[in-house]
Amino acid sequence: MSERTRRRPWLAALLALVVSGLGHAYLRRWARGLGWYLTVAAAVFVFVPESAISGALAGDPPAVSEIAPAAAVVVASVVDAYVVAVRHNRTSERDSDASRATGSPDTVPGPGAASAEVADGEAEPESGETIRCPECGRETDPTFDFCQWCAEPVGESDA
């Protein structure tokens, strides 16, 4: 199932500001997050003098000119996390609009939503391999007597 959820760009940016790469991890862009983390660490190691790091750890704020290169990389990471989240949301909206236009379900219907297969209240096999739960509408394994998503009984009713 390719369910794409919307992400909050401001949260991705805030997380990237707190810990470099964490905003990308929130967006499930693991390699990109690790890349930004390593880039910021390398910028601190290469461009920030050791005296500025020691002073900052001792409580003495470093001069802005000493930390400016590393701060610029952090700002770039924050902006990138925000932009990636916005692009993700646009792609998600475009995909859901396209699936609505073609009539193919892209996301799983929420509780209470009825699909065409379960409109009469019984679970119908879709392709011989899966059936839909009459309660939540999600596809479930036909070998189970219950829906693994909502734990409601699925299959032939004994009533």
Side-chain angles (χ1 to χ4, degrees), residues 1-45 48 56-57 67 69-159:
M1 235 173 264
S2 64
E3 182 177 340
R4 294 181 61 116
T5 59
R6 291 184 51 85
R7 303 286 185 207
R8 294 179 180 92
W10 62 268
L11 182 58
L14 181 66
L15 290 171
L17 184 62
V18 172
V19 176
S20 183
L22 191 58
H24 294 88
Y26 163 72
L27 299 170
R28 296 176 183 252
R29 301 289 181 105
W30 311 112
R32 198 171 192 148
L34 180 63
W36 276 111
Y37 181 80
L38 294 175
T39 302
V40 169
V44 169
F45 181 73
V48 178
L57 293 175
I67 61 167
V73 175
V74 170
V75 168
S77 171
V78 169
V79 170
D80 184 60
Y82 185 86
V83 169
V84 168
V86 169
R87 286 183 182 165
H88 171 84
N89 290 343
R90 285 185 189 153
T91 304
S92 178
E93 288 173 11
R94 190 177 323 119
D95 291 347
S96 67
D97 289 346
S99 69
R100 278 190 223 118
T102 61
S104 63
D106 181 41
T107 59
V108 176
S115 65
E117 292 85 12
V118 296
D120 60 355
E122 292 187 24
E124 296 288 329
E126 277 190 335
S127 64
E129 295 179 7
T130 60
I131 57 174
R132 288 201 178 264
C133 173
E135 188 66 28
C136 69
R138 289 183 169 181
E139 289 183 0
T140 185
D141 189 350
T143 60
F144 295 146
D145 293 334
F146 62 92
C147 174
Q148 70 261 30
W149 305 107
C150 68
E152 289 294 319
V154 178
E156 301 298 323
S157 60
D158 295 328

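Numbering of residues begins at 1 and proceeds along the displayed sequence.
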Ala81 backbone acceptor or donor facing Tyr26 side chain under 3.5 Å:
no
Shortest non-hydrogen separation from Val154 to Thr140 and the atoms involved:
CG1-CG2, 4.2 Å
For the student: nearest non-hydrogen atoms of Ser20 and Val40, plus distance
OG-CG2, 3.1 Å
Please report the closest heavy-atom contact between Trp36 and Ser77, naming both atoms and the distance.
CE3-CB, 3.5 Å
Please tell me if the side chains of Arg32 and Leu27 come closer than 4.5 Å, counting only heavy atoms from C-beta onward.
no
Exam field: side chain Asn89 to backbone Arg7, donor-acceptor pair closer than 3.5 Å
yes
Measure from the side-chain N and O atoms of His88 to the backbone N and O of Thr5, and report whether any donor-acceptor pair falls under 3.5 Å.
yes
Heavy atoms only: give me the nearest Ala70-Val48 pair and the separation to one decimal.
CB-CG2, 3.8 Å
Atom SG of Cys136 and atom CD of Glu152: how far apart are they, to the nearest 0.5 Å?
8.5 Å
In terms of heavy-atom contacts, Gln148 and Glu139 come closest through NE2-O, 4.3 Å
Stepwise side-chain contact (heavy atoms from CB on, under 4.5 Å) test for Leu14 and Arg8:
CA-CA 10 Å; Leu14 181 66; Arg8 294 179 180 92; over 6 Å; no
For Thr91 and Arg87, indicate whether the former's side chain and the latter's backbone hold a donor-acceptor pair under 3.5 Å.
yes
Any chance you could measure Leu11, atom CG, to Tyr82, atom OH, to the nearest 0.5 Å?
12.0 Å
